[in-house]
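Notes to accompany the following structure.
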Amino acid sequence: MDSFTVRVEKLVYGGEGLAYHGGKPVFVSFVLPGEVVDVFPIEESRKFIRALPAQVKEAAGERIAADCPYFGRCGGCHYQHLPYERQLEVKRDILHETLRRLGKIERTEEIALHASPPWHYRNRVQLKLAPHPVAADRLQVGFHRAGSRTLCGIEQCPISSPKLNQLISVLNRLSAEGALPLSLRAAEALADDRDHTLWLTLAAPQLDFDRAALAERLRTELDGLLSLQSVETSTERTETDGLGWIYYQVGAERLRVSHASFFQINRHLLPVLVERVTQNLEGKVALDLYAGVGLFTRALARKFARVVAVESSTAAAADLAANVADLAGVETRASSVLDFLRQSPEKSDLALLDPPRCGLGRGVAEALNELAPPRLLYLSCDPSTLARDLARLAPHYRLVGLELFDLFPQTFHIETLARLDRAA
Ligand SMILES: C[S@@+](CC[C@H](N)C(=O)[O-])C[C@H]1O[C@@H](n2cnc3c(N)ncnc32)[C@H](O)[C@@H]1O
């Protein structure tokens with residue numbers, strides 16, 4: 001399909017602008033409402049076209065120059081061409097619209113917004129490594145290109161912390177020296193709250209390189225590297241050199257976070273998030289469902305006599321158990337939330353729900369409707385699955401508050417806290 005010209009109507013969830021071409025929806029990245037843009041299609045189905053901008057012919061007045069030299073090529077950021085305050089408004093409007101469209105939830109009152117420092121906020125980075133397009137003895141370090149699985153090589157990432165940028169420089173330098181094994185395909189790192197220490201996970205189909213030599217070189221170049229894990233993706237064998245985790249301080253709590261455990265990625269907003277989620281709570285029993293390493297569990301234990309924390313991932317469940325071992329009132333369950341709710345349903349004053357992007361699903365929503373905790377707190381990283389789940393809970397629960405935490409500035413991602421009370 002050839003290039004064509006569209007006028008962008010609005011921004012939609014996913015970071016793209018919505019336009020129409022011959023009546024068909026066109027989703028275009030890196031554009032703004034009102035802009036007239038020449039686009040080239042990268043995907044076409046019966047229902048829609050996905051496109052990238054070739055030339056912005058009429059730019060919106062609010063368009064700004066992006067800070068990052070890779071913006072528009074790298075697939076990691078979506079909104080650098082929009083002032084940060086406007087990004088927040090766009091996300092709030094998209095949240096409103098998604099709840100209305102998919103959840104039939106009409107809310108007129110304001111959604112409380114929690115802004116983040118817009119740059120260098122990420123404590124975690126997932127880098128791709130691929131053969132260098134021109135130098136056969138080197139690897140390229142970067143992220144997927146927008147709309148593609150090919151690599152956009154980078155030297156820096158302005159939304160990542162300084163320590164993670166140090167890592168990106170080190171990987172590029174080792175690659176240029178031929179010291180990075182050519183079989184590596186991914187590198188993931190988590191830096192602590194002070195941006196001092198970190199763990200690093202390297203992945204390759206075969207661990208066919210001298211791991212000890214690489215570990216020594218990385219330790220020399222990268223101060224604070226506490227743990228290096230190598231993952232053989234063809235067999236899932238892992239080899240760990242070091243502790244296996246780092247410690248992350250959030251407010252008064254210190255949490256162990258292992259290589260394979262989930263952890264929230266915004267290093268600035270974490271204390272605010274924990275504070276807001278656990279504010280004005282009290283009671284006898286709380287359920288912390290999808291508990292991860294226990295980010296909220298310890299804070300809940302200050303307010304409830306008993307907390308039951310449920311987490312299914314092996315790594316995170318082990319961290320969780322270690323992180324609450326000193327708290328007499330906390331019990332942990334290494335289980336899926338659905339199994340937990342079906343097999344050992346437990347009366348509680350509150351259930352905190354923090355599921356992955358796919359949301360609760362029908363089974364968990366039904367089990368909660370039946371179990372009937374008087375209060376639910378639902379922390380969501382995807383407004384569409386949140387809307388669908390709220391509709392499933394709606395016969396029994398009333399939405400009484402919404403807050404948007406901008407854990408992911410410059411990107412389309414939206415983190416929402418929904419407060420629900422059991423309907424009388
Ligand atoms: C969005 S994270 C939240 C973790 C934690 N509340 C936090 O904020 O750090 C979701 C967590 O749920 C876990 N998980 C995913 N599916 C699950 C399931 N069906 N049952 C229990 N835990 C699950 C994941 O391993 C992950 O740790």
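Because only heavy atoms are used, hydrogens play no part in the values below, and waters and symmetry mates are left out as well, while side chains stay in. All ligand and atom numbering here is 1-based and tracks the order in the structure.
- Note that Arg256 lies outside the cation-pi zone of Tyr247, set by a 6.0 Å cut-off to the ring centre and a 45° limit from the axis.
- With sequence neighbours excluded, no residue forms a ring-ring contact (aromatic ring centres under 6.0 Å, His included) with His120.
- Among residue pairs with one or both ends in residues 343-402, none qualify as ring pair (Phe, Tyr, Trp, His ring centres under 6.0 Å); sequence neighbours excluded.
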request  = For Arg333 and Glu331, run salt bridge (charged side-chain N to carboxylate O under 4.0 Å, His left out): C-alpha distance rounded to whole Å, both residues' side-chain angles, the deciding distance at 0.1 Å, then the answer.
outcome  = CA-CA 7 Å; Arg333 304 271 196 276; Glu331 288 167 39; 3.1 Å; yes
N/O pairs closer than 3.5 Å, ligand 1 and protein:
unit_1: ligand 1; atom_1: 6 (N); unit_2: Tyr290; atom_2: O; d: 3.0
unit_1: ligand 1; atom_1: 6 (N); unit_2: Asp354; atom_2: OD2; d: 2.8
unit_1: ligand 1; atom_1: 8 (O); unit_2: Gln264; atom_2: NE2; d: 2.7
unit_1: ligand 1; atom_1: 8 (O); unit_2: Asp354; atom_2: OD2; d: 2.9
unit_1: ligand 1; atom_1: 20 (N); unit_2: Val337; atom_2: N; d: 2.9
unit_1: ligand 1; atom_1: 22 (N); unit_2: Ser312; atom_2: N; d: 3.2
unit_1: ligand 1; atom_1: 22 (N); unit_2: Ser312; atom_2: OG; d: 3.2
unit_1: ligand 1; atom_1: 25 (O); unit_2: Glu311; atom_2: OE2; d: 2.7
unit_1: ligand 1; atom_1: 27 (O); unit_2: Glu311; atom_2: OE1; d: 2.8
unit_1: ligand 1; atom_1: 27 (O); unit_2: Glu311; atom_2: OE2; d: 3.2

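- Counting only residues at least two apart or in different chains, ring pair (Phe, Tyr, Trp, His ring centres under 6.0 Å) contacts with residues 288-333 are absent.
- Looking at Glu35, its side chain does come within 3.5 Å of a backbone N or O of Leu32 through a donor-acceptor pair.
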